[in-house]
Asker: 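Sharing a structure here in structure tokens format.
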Amino acid sequence: MSRYDPFPSLPSGPDAGALQSQLANRVELSPLPPGWRRVAGIDLAMGRHSHLGRAAVVVWDRESGTIVEELRHEGPLNVPYRPGFLAYREAPLILECLERLRTLPDLLMCDGQGIAHPRGLGIAAHLGVHTGLSSIGVAKSPLFGRWEHPGLEVGCTSRILAPDGRRIGSVIRSRAGGRPLWVSPGHRCTVADAEAAVLACLRGHRLPEPTHLADRLSKRRPDLIPEEVDPLFPA
DNA sequence: GCGACAG
DNA sequence: ATCTTGTCGC
Ligand SMILES: [Mg+2]
């Protein structure tokens, strides 16, 4: 992929929330590109002291079920984590990783919320607006909105509603009787398409294949040459 | 003021 | 997110 427009990404401070609200206005809830198949799963792992991070991107083809391209990028994590501001901590490294990607994915599948966020800008929406690409947020736990437990069978879903009653996402049972997923569109995607896309990428694991692969790649220790050590997990 | 709180 | 070994259950 080419280059992304670097724009105001004030890490934290009193304006962090205002900036998210501002960027949320750029979110588009339009249909996913017809025939989408290249899905870029995204995740980031960090060292014990959370000072170093390793972002991973795996472009997975849903038609062939194969990996088109995968890469990762390590670097310092300068912003502390705070609920509601995850993107300020993880997006910088992830964007550097995406800039090095040669394949142009049809959509981004991120580990975290899409628009199901206090100010409508979870990390998936944040990355979508920054790159201009379609994106979906796949979170392992809820953050914002009202929801009900979906049925216990694989594929069962329920709705996530904002305080005003508007639908902002879906709770999806990806494994029979297992803990569900909280899914919401990030950018250039509808609530219905986000739900359908995640269901279409399920391959037996709790997480859809793209994010499952990115999660594993981010945590996999690098191939070490003799005297080298893993920056994230020394010794 | 109290409780909640992605990764 | 990471810290940590075995253990209970399908
Ligand atoms: Mg993650």
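Heavy-atom basis, side chains included; hydrogens, waters and symmetry copies ignored. Protein chains get the first letters and strands the later ones, always in sequence-line order, with residue 1 at the start of each. Treat the numbers as computed from the prediction; the structure is a model and nothing was measured.
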Asker: For a side-chain contact (heavy atoms from CB on, under 4.5 Å) check, start with the C-alpha distance between A/His51 and A/Leu77, then their side-chain angles and the critical distance, and finish with the verdict.
Answerer: CA-CA 5 Å; A/His51 280 14; A/Leu77 291 175; over 6 Å; no

Asker: Salt bridge (charged side-chain N to carboxylate O under 4.0 Å, His left out), that's the test. Do A/Asp61 and A/Arg37 meet it? Break it down for me.
Answerer: CA-CA 5 Å; A/Asp61 186 317; A/Arg37 52 185 292 178; 2.7 Å; yes

Asker: Report which part of the nucleic acid A/Pro118 touches: base, sugar-phosphate, or nothing (heavy-atom distance under 4.0 Å, all strands).
Answerer: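 No contact.
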
Asker: Applying side chain to side chain donor-acceptor pair (under 3.5 Å), can you list everything that pairs with A/Asp106, at least two apart in sequence or on another chain?
Answerer: none

Asker: Where along nucleotides 1-10 of chain C does protein come under 4.0 Å, by heavy atom, of base (B) or sugar-phosphate alone (S), with - for untouched nucleotides?
Answerer: SSSS------

Asker: Does atom CD (A/Glu148) have a neighbourhood of more than 12 heavy atoms from anything else shown, all under 6.0 Å?
Answerer: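 Atom CD in A/Glu148 is not crowded, with 12 or fewer foreign heavy atoms closer than 6.0 Å.
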
Asker: State which residues pass ring-ring contact (aromatic ring centres under 6.0 Å, His included) with A/His212; sequence neighbours excluded, sorted by chain then number.
Answerer: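 Once residues adjacent in sequence are excluded, the partners of A/His212 under the ring-ring contact (aromatic ring centres under 6.0 Å, His included) criterion are A/His205.
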
Asker: Taking only residues two or more places apart in sequence, or in another chain, which ones meet A/Glu195 in a side chain to side chain donor-acceptor pair (under 3.5 Å)?
Answerer: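 Residues passing side chain to side chain donor-acceptor pair (under 3.5 Å) with A/Glu195: A/Arg167, A/Ser170.
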
Asker: A/Trp147: what forms a ring-ring contact (aromatic ring centres under 6.0 Å, His included) with it, not counting sequence neighbours?
Answerer: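 Applying ring-ring contact (aromatic ring centres under 6.0 Å, His included) to A/Trp147 gives A/His149, A/Trp182.
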
Asker: Reckon A/Gly84 touches a base, only the sugar-phosphate, or nothing at all at heavy-atom distances under 4.0 Å?
Answerer: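 Base contact.
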
Asker: Give A/His117 one of three labels, base, sugar-phosphate or nothing, depending on what nucleic acid heavy atoms sit under 4.0 Å from its own.
Answerer: base

Asker: Around atom CZ of A/Arg206, are there more than 12 heavy atoms from other residues, nucleotides or ligands closer than 6.0 Å?
Answerer: yes

Asker: Take atom CZ in A/Arg159; do more than 12 heavy atoms of anything else shown fall under 6.0 Å from it?
Answerer: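 Atom CZ in A/Arg159 is not packed in, count stays at 12 or less.
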
Asker: Once side chain to side chain donor-acceptor pair (under 3.5 Å) is applied, do any residues pair with A/Glu74, and if so which ones, sequence neighbours excluded?
Answerer: A/Arg54

Asker: Give DNA chain B the dot-bracket treatment, 5' to 3': Watson-Crick (N1-N3 with N6-O4 or O6-N4) or G-U (N1-O2, O6-N3) under 3.5 Å, [ ] crossing, | other strand.
Answerer: .......

Asker: From the 5' end of DNA chain B to its 3' end, which nucleotides mark the outer limits of contact with chain A, defined by a 4.0 Å heavy-atom distance cut-off (strictly under)?
Answerer: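 Here the contact window of chain A covers B/dC5 to B/dG7.
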
Asker: Listed by chain and number, what are the side-chain contact (heavy atoms from CB on, under 4.5 Å) partners of A/Ala124, not counting sequence neighbours?
Answerer: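 A/Cys110, A/Ser135.
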
Asker: Could you provide the dot-bracket string of DNA chain C, using ( ) for intrastrand pairs, [ ] for crossing pairs and | for bases paired to another strand, with Watson-Crick or G-U pairs below 3.5 Å?
Answerer: ..........

Asker: Would you please name every residue forming a side chain to side chain donor-acceptor pair (under 3.5 Å) with A/Gln22, sequence neighbours left out?
Answerer: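 Applying side chain to side chain donor-acceptor pair (under 3.5 Å) to A/Gln22 gives none.
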
Asker: Can you list the residues that meet the side-chain contact (heavy atoms from CB on, under 4.5 Å) rule with A/Ser30, with sequence neighbours excluded?
Answerer: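 Partners of A/Ser30 by the side-chain contact (heavy atoms from CB on, under 4.5 Å) criterion, ordered by chain and then number, come out as A/Glu28, A/Arg188.
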
